[in-house]
Amino acid sequence: MSHHTSPSSPAPPSAASAPRWAVVGYVEDVGPGRGCLPPRTWYAASDAASLCLNGRWRFRLSPTADARDDSFAEPGYDAGDWDEIAVPGHWVLQGHGAPIYTNQRYPFPVDPPRVPTENPTGDHLRLFDLPQGWPRDGGAVLCFDGVESCARVWLNGTELGDFKGSRLPHEFAVGQLLRPGGNVLAVRVHQWSAGSYLEDQDQWWLPGIFRDVTLLHRPAGAVRDHFVHASYDHRSGEGTLRVDSDVDGRVTVPALGIDIATGEPVSVPVEPWSAEIPRLYDGVLATEGERVPLRIGFRTVAVTDGLIEVNGRPVLFKGVNRHEWHPGTGRALDPETMREDVLLMKRHNINAVRTSHYPPHPAFLDLCDAYGLWVIDECDLETHGFTEQSWRGNPVDDDRWTPALLDRAARMVERDKNHPSVVVWSLGNEAGTGRGLTAMAEWIRGRDGSRLLHYEGDRSCRDTDLYSRMYADHEEVERIGRRLDGGGHKRRELPFLLCEYGHAMGNGPGGLADYQRLFTAYERLQGGFVWEWIDHGITDDRHGFAYGGDFGEELHDGNFVCDGLLFPDREPSPGLIEYKKVIEPVRIEGGGRGGTVRIHNAHDVADLSALAFEWSFQADGATVARGALPVPQLAPGESADVKLPEPPGVQGAETHWTVRAVLASDTPWARRGHEVAWGQFPVAQRPRLGFAGDRVPRVGHGRITLGPASFDARTGEPRSIGPVDLTGLRLDVWRAPTDNDEGASWQGGPRHGLLWRALGLHRMRHRLDAVEAGGDALTVRTRVAPAAREVGLATVYRWTSDGERLKLTVTVTPEGEWTVPLPRLGVRFGLPGSADRVRWYGGGPGEAYPDTKSASRIGRWESTVDALHTPYVRPQENGARADVRWAEIGGLRIEGEPEFWFTARRWTSEELDAADHRTDLTPGDRVWVNLDHGQHGIGSQSCGPGPLPRYFLRAEPTEFAFVFTVTGAR
Ligand code: GAL
């Protein structure tokens with residue numbers, strides 16, 4: 001890359017008297033850098049020698065970029081008193097300085113391309129010997145896979161150059177500099193540079209050499225770069241292969257009998273590559289100097305009649321946005337972690353990844369090729385912070401920056417062009433609009449016409465092949481699906497993607513199933529990518545997982561960095577379980593013709609041969625019969641009504657069919673028996689709870705007794721049921737607002753979390769109006785309302801008993817004008833802290849809320865109180881189990897009429913609300929149980945639409961009941 005000098009950037013260093021900033025001119029130069037080799041393809045290993053330079057490096061940090069000499073780069077420099085640091089790594093995660101989290105705001109004054117004087121700068125030093133037998137012929141390149149944000153490099157005292165473009169590879173030719181004895185590699189890394197203006201992604205700012213450093217031998221006659229063109233013609237079933245290389249050679253693919261010269265095309269019958277059936281063919285590109293392994297996947301991507309098609313079939317993206325993240329090492333990812341991401345995705349039915357918002361470690365794409373994931377490879381470009389000034393000065397619309405943008409585009413495309421998994425190039429994220437983007441798009445199209453182009457930030461779709469949006473609500477998505485959304489001529493012809501939706505921050509996202517119904521209904525809607533894969537929490541003892549603000553940042557965006565489907569330690573959150581169910585590739589539905597189940601193959605490519613189906617039959621949640629279910633080999637898109645066996649004769653119980661699709665044999669990503677899809681549908685309804693409350697309450701000694709229960713005669717509050725003590729039973733409407741309840745300031749629509757608090761729902765007062773012990777009931781009349789407001793809930797608790805059992809019927813009548821929905825509506829009470837085991841019949845095994853309960857399966861479940869809690873990084877409402885018929889806890893069995901939401905935790909909702917981190921929650925001496933008649937929906941308003949109105953919990957006259965029985969068990 002040539003050195004590009006912008007009119008506004010400082011002159012190169014010259015005299016000693018130059019102003020100090022001139023010494024670091026390259027840091028603020030808008031150009032990509034000097035001295036690097038042109039970009040080329042990345043591959044794991046050829047037969048050429050290589051030396052991994054990862055490991056312990058000497059390290060020293062200084063607070064500014066200037067003010068120091070370069071003598072550390074000279075051979076013989078004594079760095080004995082420097083610290084040591086792990087490379088790959090970020091120094092701010094290794095005890096030097098601290099990370100900073102901002103979403104869109106730049107954490108420095110916006111004055112491009114200038115950066116602050118306070119510019120943490122890390123000098124890295126590594127001495128190495130060439131291994132025995134390192135070839136003397138040919139050359140060598142030194143390869144940096146990723147350095148944030150700007151590096152200057154010396155080998156054996158000779159300066160090689162400098163570069164920017166943090167998540168992109170940079171290589172230097174070093175053959176002539178290598179010494180048979182010891183070599184000294186010196187790298188100076190600046191946290192801030194002109195490049196930082198192009199890297200304003202919503203994530204931690206983490207300087208350092210965070211990807212591999214490798215020395216590669218380049219034998220004489222070795223390949224510099226090669227481009228595998230492998231297309232598939234779905235009409236003829238033939239693949240066409242041509243491998244272009246700058247050095248002549250031969251290409252062999254033994255399994256296909258291919259042996260051709262470079263540059264020569266050949267067509268042969270092949271099995272195509274897809275995310276569902278990722279057929280790869282091993283080959284070799286052999287030149288005079290090198291044998292390069294090829295992993296070839298034949299596939300053709302195109303927009304045909306307004307639809308994205310691969311190999312002639314439309315695809316539905318069931319995707320996630322993946323940032324690279326590890327809670328200990330940040331964006332320095334080891335191979336096992338990358339593999340774990342891919343395995344977790346495959347096991348949760350995910351078929352696509354957008355590499356938000358930069359090209360990932362190159363090895364990740366090898367995994368996507370091998371395991372099968374569609375990839376949108378996104379360039380390392382975001383200038384979101386310019387939105388704070390109405391995009392004034394945006395680098396993507398300023399020609400001085402265009403060489404840097406083109407450099408970034410080229411480094412991504414050249415590095416990743418040989419991956420069949422990459423089907424779409426993305427220009428970047430949230431960079432506004434401008435000529436620079438168009439220049440990137442033109443360059444990419446000229447270099448690789450075989451993939452589609454994506455960029456979300458320009459609604460005109462001027463440079464793209466897809467119409468892409470983020471966080472559009474269901475109504476708008478439906479309009480787009482119906483092609484009623486208007487837009488310019490070009491856009492109207494394009495297929496649609498939600499490149500981000502379902503903001504998985506904290507509890508949620510809600511509404512995924514409703515989106516999926518739209519994606520399935522309208523062909524133009526080709527799916528979406530949930531935001532995002534993993535919470536970027538940083539492990540620390542004090543907080544559990546730290547987030548923005550925990551490092552004393554002057555500007556930060558708090559826990560907005562924890563918005564993933566995985567917790568930082570890769571534990572799946574309920575959002576991932578929900579997503580897996582919503583996107584399952586087989587739909588299993590009841591209500592077909594009598595005695596049948598409808599099976600729909602929702603794969604894009606695969607038939608059902610990889611799956612085995614089984615049915616089971618449940619009576620009151622217990623499986624009473626099961627067996628295999630033969631299902632015809634449906635092609636993708638086909639359905640069949642499959643006959644179920646005669647249902648077992650069960651009387652007086654609620655019954656269900658459950659049908660599951662599991663892997664018929666081991667796959668590279670999961671074992672035989674792994675569940676891929678399931679469906680459940682009711683047969684006989686739950687019988688009503690028979691209950692005749694004929695006991696008469698008895699009053700005496702300050703107590704009222706009724707059946708097994710004893711009440712406070714003054715307040716009418718239950719004190720015990722049999723041997724079980726109860727505390728504070730009363731109506732409860734408060735939940736610790738979720739991130740989605742709180743909403744984001746830029747989202748339209750009411751932010752219910754804020755409105756609830758403003759109304760005072762977190763400090764409801766309970767006025768006692770009457771305690772009436774008479775006839776066959778104890779009736780307690782109350783009014784529940786917040787100070788300063790006229791709204792209230794007239795609440796009547798009516799207790800009856802048949803001697804053994806105790807029934808509570810709650811009647812709630814709203815008073816005044818309720819303009820907001822309720823967070824929850826039910827009763828809560830405390831049990832002694834010894835309560836631990838929980839059993840229930842209802843929805844499980846995991847958490848569910850009205851718009852997140854697709855994965856909640858009716859059955860009998862068991863847990864402990866601790867395990868019921870979902871440990872969101874910022875604590876908030878969690879852990880409800882849906883549709884509970886009965887639950888047992890602390891020696892009580894509680895049956896609901898109707899079904900209820902069950903929650904139990906070792907702290908109150910108020911304590912949960914007050915906590916900022918996991919470590920703020922400490923068990924008290926009670927277990928608090930919530931039995932809710934209703935819960936408000938979750939939605940995804942932390943960065944998207946709130947819950948759909950049908951999931952609102954409106955204040956309206958309501959009655960619900962619970963029957964308590966003493967079980968004796970604890
Ligand atoms: C989008 C952005 C993402 C992330 C998300 C909110 O606007 O592209 O990077 O910030 O919102 O979490």
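Values in this document were obtained by computation on a predicted structure and should not be read as measured data. One-based numbering, in listed order, for ligands and for the atoms of each.
With hydrogens and angles left out, the side-chain atoms of Glu388 and Gln104 include a donor and acceptor closer than 3.5 Å.
The side-chain heavy atoms of Arg542 and Thr919, taken from C-beta on, include no pair separated by under 4.5 Å.
Between Glu382 and ligand 1, not a single N/O pair is under 3.5 Å apart. At a 3.5 angstrom cut-off on N or O pairs, Asn429 counts as close to ligand 1. Of the polar atoms of Glu430, at least one N or O is found under 3.5 Å from an N or O of ligand 1, judged by distance alone.
Of all the atoms in ligand 1, the ones that sit under 4.0 Å from a non-hydrogen atom of Asp563 are 12 (O). Taking every heavy atom of Asn103 and a limit of under 4.0 angstrom, the matching atoms of ligand 1 come to 10 (O).
When Asn321, Asp200, Asp202 are checked for heavy-atom proximity to atom 10 (O) of ligand 1, Asp202 turns out nearest.
Residues Val189 and Trp91 approach most closely at O-CH2, 3.4 Å, considering heavy atoms.
Asp557 places no side-chain N or O within 3.5 Å of a backbone atom of Thr102 that could act as its donor or acceptor partner. One N or O on the side chain of Asp741 and one on the backbone of Thr738 form a donor-acceptor pair closer than 3.5 Å.
What sits closest to atom 1 (C) of ligand 1 on the protein, heavy atoms only, is Glu500 OE1, 2.9 Å. For atom 5 (C) of ligand 1, the closest non-hydrogen atom on the protein side is Tyr471 OH, 3.3 Å. Of the protein's non-hydrogen atoms, the one nearest atom 12 (O) of ligand 1 is His503 NE2, 2.7 Å.
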Carefully, step by step, assess Lys417 and Glu414 under the rule salt bridge (charged side-chain N to carboxylate O under 4.0 Å, His left out). CA-CA 6 Å; Lys417 59 184 180 283; Glu414 298 299 3; 2.9 Å; yes

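Close to ligand 1: His357, with a non-hydrogen atom less than 4.0 angstrom away.
In Glu532, neither the side chain nor the backbone holds a heavy atom less than 4.0 Å from any atom of ligand 1.
A salt bridge is absent between Asp145 and Arg211; no separation between the charged side-chain nitrogens and carboxylate oxygens falls under 4.0 Å.
Seen from the ring of Phe364, Arg339 does not count as a face-on cation partner, given the 6.0 Å and 45° thresholds.
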